[in-house]
Amino acid sequence: MIHKKLKDFPEDFLWGASTSAYQVEGAWNQDGKGLSVMDLGNHPEDVTDFKVASDHYHNYKEDVALMAEMGFKTYRFSIAWTRIIPEGTGELNQKGIDFYSNLIDELLKHDIEPLVTMYHFDLPQALQEKGGWENRDTVDAFVNYAEVLFDEYGDRVNYWLTINEQNMMILHGDALGLLEGNPDDVQKGLYQANHHMLVAQSKVFDLCHQKVEGGKIGPAPNISTIYPASSKPEDVLAANNYSAIRNWLYLDAAVFGRYNATAWSFMEEKGITPEIKAGDMEILEAGNPDFIAFNFYTSESVEGDFGGENSKSNFTGDQQVVDNEPGFYKRHQNDNLETTDFGWEIDPVGFRTTLRKIYSRYNLPLIVTENGLGAYDKLEDDETVNDDYRIDYLRKHIKQVQLAITDGVEVFGYSPWSAIDLVSTHQGINKRYGFIYVNRDEFDLKDMRRIKKKSFYWYQNVIESNGQEL
Ligand code: BGP
């Protein structure tokens with residue numbers, strides 16, 4: 001669809017950017033914080049762990065001031081469950097509660113709307129040792145944690161996100177460092193864990209509406225358009241399979257309160273259907289989100305795979321690359337797209353398609369909570385970082401948001417990854433995403449000073465002009 005005239009971004013559009021606790025904060029064991037699965041996860045030898053990260057914990061005021069200088073209307077950050085309740089259940093940690101309370105106040109002081117992710121991969125280790133999400137008790141632990149957050153911050157936080165990229169945790173737990181061994185062997189447990197997360201999430205949707213006056217809450221999966229490798233009906237069917245298993249399983253449960261039929265039949269076929277307790281489906285139906293937040297980096301392509309002798313899962317160790325599922329779909333390299341330095345396909349038009357697909361399926365307002373380019377940035381001698389490639393990526397994607405808005409999609413915010421440089425999930429600090437450079441290397445912490453990249457000034461102008469000047 002070619003529009004003669006584009007609609008403007010809404011006046012109150014939430015421009016901002018995102019981070020997550022374990023990737024940006026550091027202070028991994030300070031002020032009473034308990035250990036999370038991310039703190040203890042395995043790291044490849046050549047990249048840093050999350051112990052110091054960008055040391056945002058000790059520099060949050062300076063960081064928020066820089067976000068304000070860029071003109072942020074919102075800042076998406078996650079709360080580390082282990083700062084609030086170190087063991088996952090039981091005693092609260094006042095110092096952790098105070099940290100986020102101060103961060104929220106600092107944001108509000110600068111008129112920045114806090115957009116809070118309650119759980120971004122970092123499950124308390126104490127809960128993991130009791131079976132993690134496979135253990136039904138974790139549902140109650142999460143609801144209890146959510147209640148603490150609503151009690152402490154509900155007076156100041158209007159926008160809440162439950163679980164970051166639940167679908168990536170289930171499909172790519174290995175890449176995220178959340179899983180050991182071959183995911184083929186642990187799929188049954190994963191889909192049980194998935195069911196528990198869905199139940200917990202719906203309960204928390206409901207709780208938010210009861211406890212937070214005017215509060216709005218939504219899920220935050222990673223959603224992307226899936227292309228068939230060709231117009232061969234088998235390839236189209238494979239794309240349909242993968243869309244159901246990767247995307248709609250999660251959002252259908254969150255919004256419609258039911259399991260997607262194709263995804264369910266996939267689980268049946270593999271003998272990995274979860275145990276559903278009496279009352280669970282009623283819980284899924286009762287809890288409803290107010291909006292859908294989603295992350296988008298790349299589209300994906302698949303071809304038909306009908307279980308031939310050579311079919312074999314190829315777990316890639318990367319959360320944005322399709323792992324084969326023999327009999328259902330097989331990864332296909334899309335030659336129409338360029339890739340980032342890290343091999344992720346760049347597809348702004350696919351972003352527009354994705355926005356349209358989600359909106360037409362669920363008819364709920366959308367906010368983009370991650371989108372961005374991981375690259376090796378270079379700090380020049382004159383203290384500049386000339387990240388034109390990042391500007392190019394973001395410009396093209398923001399343009400597609402405007403096109404989608406013109407198509408009639410209701411989008412109320414854009415919060416790319418990431419506000420400031422932080423540690424990638426499995427590829428270290430030198431895979432950078434931020435508008436603000438943090439002066440450290442993988443193992444040399446240097447002085448951690450903050451330096452505005454070229455993209456900082458560019459994004460400042462995008463926000464200032466409400467998206468008119470890209
Ligand atoms: C998403 C996660 C983020 C972030 C991002 C970039 O899957 O929600 O936490 O890590 O991907 O990925 P990476 O860090 O692997 O480059």
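Computed over heavy atoms, backbone and side chain alike; hydrogens, waters and symmetry mates excluded. When a ligand or atom number is given, it counts from 1 through the structure's own listing order.
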Below 4.0 Å, non-hydrogen atoms only: which portion of Phe342 touches ligand 1? Side chain, backbone, both or neither.
neither
protein heavy-atom neighbour closest to atom 15 (O) of ligand 1 works out as Thr425 OG1, 2.7 Å
Check each atom of ligand 1 against the heavy atoms of Gln319 and keep those under 4.0 Å away; list them by number with element.
1 (C), 7 (O), 11 (O), 12 (O), 13 (P), 15 (O)
4.5 Å side-chain heavy-atom contact, Val385 and Lys454
no
With atoms numbered from 1 as shown, which atoms in ligand 1 lie under 4.0 angstrom from a non-hydrogen atom of Tyr433?
6 (C), 12 (O), 13 (P), 16 (O)
Ionic contact status for Arg390 with Asp377, cut-off 4.0 Å:
yes
Check this for me - ligand 1, Glu370, N or O atoms closer than 3.5 angstrom, yes or no?
yes
Under 4.0 Å from a heavy atom of His426: give me the atoms of ligand 1 that qualify, with their elements.
15 (O)
Before accepting this row, confirm whether a basic side-chain N of the pair Arg440/Asp444 lies closer than 4.0 Å to the acidic partner's carboxylate O.
no
Based purely on interatomic distance, does Ser20 place a nitrogen or oxygen under 3.5 Å from a nitrogen or oxygen of ligand 1?
no
Any N or O on Trp344 sitting closer than 3.5 Å to an N or O of ligand 1?
no
Proximal ligand 1 atoms for Asn164, defined as those under 4.0 Å from one of its heavy atoms:
8 (O)
Please report whether ligand 1 has a polar contact with Glu165, defined as an N or O pair separated by less than 3.5 Å (distance criterion only).
yes
If the threshold is 4.0 Å, N to carboxylate O, is there a salt bridge linking Asp421 and Lys453?
yes
Side chains of Leu115 and Tyr75, heavy atoms from C-beta outward: is any pair under 4.5 Å?
no
Can Glu25 and Arg83 be counted as an ion pair, charged N to O under 4.0 angstrom?
yes
Check the pair Tyr259, His195 against side-chain hydrogen bond (donor to acceptor under 3.5 Å, both in side chains), reporting the backbone distance first and the verdict last.
CA-CA 10 Å; Tyr259 269 97; His195 179 69; 2.8 Å; yes
Quick check on Tyr297 - does any of its heavy atoms sit under 4.0 Å from an atom of ligand 1?
yes
For Tyr191, ring-ring contact (aromatic ring centres under 6.0 Å, His included) partners two or more places apart:
none
Backbone or side chain, does any N or O of Gln23 fall under 3.5 Å from an N or O of ligand 1?
yes
Can we say Glu300 and Arg331 salt-bridge, meaning some charged N sits less than 4.0 Å from an Asp/Glu carboxylate O?
no
Ligand 1 contacted by Lys431 (non-hydrogen, < 4.0 Å):
yes
